[in-house]
Amino acid sequence: MDYSKYEPVIGLEVHVQLQTKSKLFSSDANQFGRKPNTQVNAITLAHPGTLPKMNKKAVEYAVKMGIACNCRIESLNCFARKNYFYPDLPKGYQISQHTTPICVGGYITISVNGNEKQIHLNRIHLEEDAGKSIHDAVDGFTCLDYNRAGTPLIEIVTEPCIHSAEEAFQYLTEIRKLVRWIEISDGNMEEGSLRCDANISIRPTGSSELGTKVEVKNLNSIRNVKKAIEYEIERMINLVESGQIITQQTRSFDATNDTTFAIREKEEANDYRYFPDPDLVPFFINQSYIDDIKKSMPALPHALKSTFQTHYGLSAYDAHQLCEDKHTAFYFIATTNYSHNYKAIANFILGPLKQHVNELGIDFEKISLLPQTLAGIIALIDDGKINFSTAANKLLPAIINNNDNPAITAEKLNLIQVSNEDAISTWVQQVINAMPDKVNEYKKGKKGLIGLFVGEVKKISKGKADPKLTTSTLEKILNEQ
Amino acid sequence: MFTFSTIAQYHNDLLNGTTTCVDAVRYYLQNIGKHASLNAFIEVFEEEALQRASSLDAERKSGKTLSPLHGVVVAIKDVICYENHAITAGSRILNSFTSLFSATAVQRLLDAGAIIIGRNNCDEFAMGSTNENSAYGPVRNAADVSKVPGGSSGGSAVAVQANMCMVSLGSDTGGSVRQPADWCGIVGFKPTYGRISRHGLIAYASSFDQIGIFSHNVSDTALVLEIIAGADNFDSTVSSTPVPAYSQLLHHTPYKPIKIAYFKEVFEHDGLDVEIKKAFHEYVGQLRQKGYIVEAVQFPLLQYIVPTYYVLTTAEASSNLSRYDGVKYGFRAALNENDDLTALYKKSRTQGFGKEVKRRILLGSFVLSAGYYDAYFSKAQQVRRLLVEQNDAIFEQYQFILSPTVPTTAFNLGEKRTNPVEMYLADIYTVYANLVGIPGISLPLFKHSNGLPFGMQLMAPQFKEADLLALSQQLLNAK
């Protein structure tokens, strides 16, 4: 089948739980994993006579995300009620921003196959989460846990400008990175702090009209979003190619076989009867408030990536890798205060240190090696006192948890390279004497054998011979004979 | 022998030692028992009230100065939460529900030394004009037991009317305090929207609801208001405008001369009782003679206010009452083996809510639904805005608005049940204050030839409660 005849058009709706201390409209704690129904006061349970009271921190977090996504932050903000009945929705309506989203427009830059692309946002708005219905805990019953009810959420809605499953994958990866970077959410899809619904349609390539869309829900990992989109695109193309019609549906992803199945037809859509919530007065956001938040925010990954290339001379690849995570990026910057060998710092962070945190399964934030200690290690490499692989494999493990002085430790562990010409000359002479045949071959032009000689010197010096000096000494002696 | 005229007089008697808080509570408990057939209370906190009275007496005898509402016996409409006490909103759907917290108004009453004597019967979720829509049966008017007391705060009105408490709290969404006060011959006051916290007031229509006060006299209203009004962290819509000492401002003359407007169109209303119309005109004449400037102004929007009110309040109510779904608390219908979730909702709400509440939920859901939203809800919001503008214009030239409180005296029990539209039109003079958010008070001034009391309503600009209460005091003193 010729898939290039069709262009997929995808819009994503991402819900992010904000990690505020309390809920959006009540003083209840806002934590994941607590015993069911232990963060449920009268407001959360919608007892008669209760009123919502807005959490200002949630507004601040939403504004942060808006700034990070280059959005316009709106001055006038109202809350509306979205009315529907469901047991995990205590009030019988969800409080959400309907006509006045807090952030409008904006974009997120992703990179697909080395090419950058801007994914344009329609809006970001604030709303409250519902509780959880648990259908499989007690036979014949649905259990309700209202701990999550009222948790602040932002919903980030893209324009229908995503055209492949890979773009969607990169976009979500970027969103997750950003919310962690600016510390408004843990971005954990498995625990539901980040949730995604995908609106998918296809159209003949070159057309500008939108096709009938299908909304896919229950996507609990970034990988599944990608799989669901791939499946849907193929399903839709097959339908059209076989002369069938795509119907507007809500579908659910089945992770057991990577397919989707219909859960609702369009006709069953709810009439949510939105209207302004009379219990909450409109609130206004002014420019100085936005400026203050902006000042309090860390440098953002996209900006840092280019700084790393222009100011520190790193490759695009290294810059990108360092900016995968805020703590890694800022660890790099912290280390540059103590060492100017930027390339070596990047190599050390992206190599041995990354490997270390991966092996332990910890976040980079938890690393105990201080930037100045790392700079000390790099100084030893720069001075030729130790080589990279010895530093990474022998010195680093010895000081990664205690930050002992790198030079003293290297000395103690007998890792310092010998740069003494006499000592090296002696070792070189030993090797030449022991391998007359190879020496002859070398002299006849098999210059590649130099590596073998260097290796032999390394062996008898127990790794301490400075490899550069060894090479030059070898060349000097061999060329003289 | 305990007697009561004002809280000030009661406090004097307490200090003189001629009465005690226990005497007062016993007196009211006795009256409550005597008038049980009026059905003004859903629950009486007999033991608790007596205990509190006796500890207040002990406090006073130990020389402690009197708190502002020391020993004041208060009844509360059963839509106002009182911690660890049942609350029903006059509905079966809240059957066996206990509130976990006290309304801000109740907490402030308690902190000021008041004694809560019981919960008053009312129209279900404060929806009604006769107090016949209660799951706990109708309330009867003490002036004539064949008549209704008005609604929705009928129980609270009758509790004051028949001396079952000193003052009571009601709630006023479209006249639910002023109208029953009018029909029971007492003072009924609704403050500016946002003057008293709604925290702990069961919502009917959030942008209209205010707690109101029933009393025998204006000075008691002023005293209670200054205690319960003011900023509150639990309610985003409450105002932080400072609360003056209303009770100290009753004798000030706010303006000279005082300029009062009345709406010409009020007298074109078909349902206006001839005698009430006449009394109003004579009263206007008397006021003019006393030097007040009283003038008729045009108010062409009058015919739109009842429809606007019902569109907006039912819309808000349909959403406010969604939480009563049989899932979390309150009444849940018995279900059959194969009943699904929808059956749980339908049966619980069908059996739990009364007819009038269901009518308003349906109306409200209709006016908010796709396809009708613009024609009804949006249009009504626009009219509300126009009303606010006209109201502002009137108050640029006048300091008060005067009108009858209700077009008729109290209905017979059962009389208007069959015709809701006629019933809704009885609210024509009171809903205005809620639509534009201004304070209003119903003053007991007249007696009809049918033997029933009726009064006049006085309204003032937002947050001009001090002026409104001062003029009310003047008018009642001159009666």
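Computed from a predicted structure; not experimentally measured. In what follows, chains carry the letters A, B, and so on, assigned in the order in which the sequence lines appear, proteins first and then strands, with residues in each chain numbered from 1.
- For Lys379(B), the NZ atom is loosely surrounded, since the number of other residues' heavy atoms within 6.0 Å does not exceed 12.
- Other residues, nucleotides and ligands place no more than 12 heavy atoms under 6.0 Å from the CZ atom of Phe141(A).
- Looking at Asp235(B) and Lys53(A), no side-chain N of the basic residue comes within less than 4.0 Å of a carboxylate O on the acidic one, giving no salt bridge.
- When heavy atoms are compared at a cutoff of 4.5 Å, Ala89(B) does not approach chain A at all.
- Neither the backbone nor the side chain of Ser99(B) comes within less than 4.5 Å of any heavy atom of chain A.
- At a 4.5 Å heavy-atom cutoff, Ile80(B) makes no contact with chain A through either its backbone or its side chain.
- Taking CG of Asp271(A) as the start and OG of Ser365(B) as the end, the distance is 9.5 Å to the nearest 0.5 Å.
- When every heavy atom of Pro48(A) is checked against every heavy atom of Phe101(B), the shortest pair comes out as O-CZ, 3.8 Å.
- Within 6.0 Å of atom OH in Tyr372(B), 12 or fewer heavy atoms from other residues, nucleotides or ligands are found, so the atom counts as exposed in its surroundings.
- Both the backbone and the side chain of Ile202(B) come within less than 4.5 Å of a heavy atom of chain A.
- In terms of heavy-atom pairs under 4.5 Å with chain A, the best-connected choice from Gly326(B), Ser197(B), Gly200(B) is Gly200(B).
- Heavy atoms of other residues, nucleotides or ligands lying less than 6.0 angstrom from CD of Glu209(A) number 12 at most.
- Considering CZ of Phe234(B) and OG of Ser26(A), their distance stands at 10.5 Å, rounded to 0.5 Å.
- Across Val79(B), Leu100(B), Asn233(B), Ile87(B), the residue that shares the most heavy-atom pairs under 4.5 angstrom with chain A is Asn233(B).
- Of all heavy-atom pairs spanning Arg198(B) and Pro278(A), the tightest one is NH2-O, 4.1 Å.
- Counting heavy atoms from C-beta outward, Gln381(B) and Phe275(A) have side chains that stay 4.5 Å or more apart.
- Residue Phe125(B) does not touch chain A at all, counting heavy-atom pairs closer than 4.5 Å.
- The backbone N or O of Pro90(A) sits nowhere less than 3.5 Å from a side-chain atom of Arg323(B) that would complete a donor-acceptor pair.
- At a 4.5 Å heavy-atom cutoff, Ala103(B) makes no contact with chain A through either its backbone or its side chain.
- Here the side chains of Leu341(B) and Pro87(A) are in contact, with some heavy-atom distance below 4.5 Å.
- Classification of the Phe85(A)-Tyr345(B) ring pair by plane angle, with boundaries at 30° and 60°, yields tilted.
- Proximity of Lys328(B) to Tyr146(A): side-chain heavy atoms (C-beta onward) are separated by under 4.5 Å at one or more points.
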Side chain to side chain contact (heavy atoms under 4.5 Å, CB included) assessment of Arg81(A) paired with Asn320(B): CA-CA 10 Å; Arg81(A) 294 183 182 177; Asn320(B) 283 335; 2.8 Å; yes

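- Under the 4.5 Å side-chain criterion, counting only non-hydrogen atoms from C-beta, Lys91(A) is not in contact with Asp325(B).
- The minimum heavy-atom distance between Asp279(A) and Thr237(B), with the atom names listed, is O-CG2, 3.6 Å.
- For Phe208(B), no part sits under 4.5 Å from any heavy atom of chain A, backbone or side chain.
- Counting heavy atoms from C-beta on, the side chains of Tyr274(A) and Tyr373(B) never come closer than 4.5 Å.
- Top candidate by heavy-atom pairs under 4.5 Å with chain A, chosen from Cys81(B), Ala203(B), Ser207(B), Ser369(B), is Ser369(B).
- Of all the listed residues (Ser236(B), Ala370(B), Ser319(B)), the one sharing the greatest number of non-hydrogen pairs under 4.5 Å with chain A is Ser319(B).
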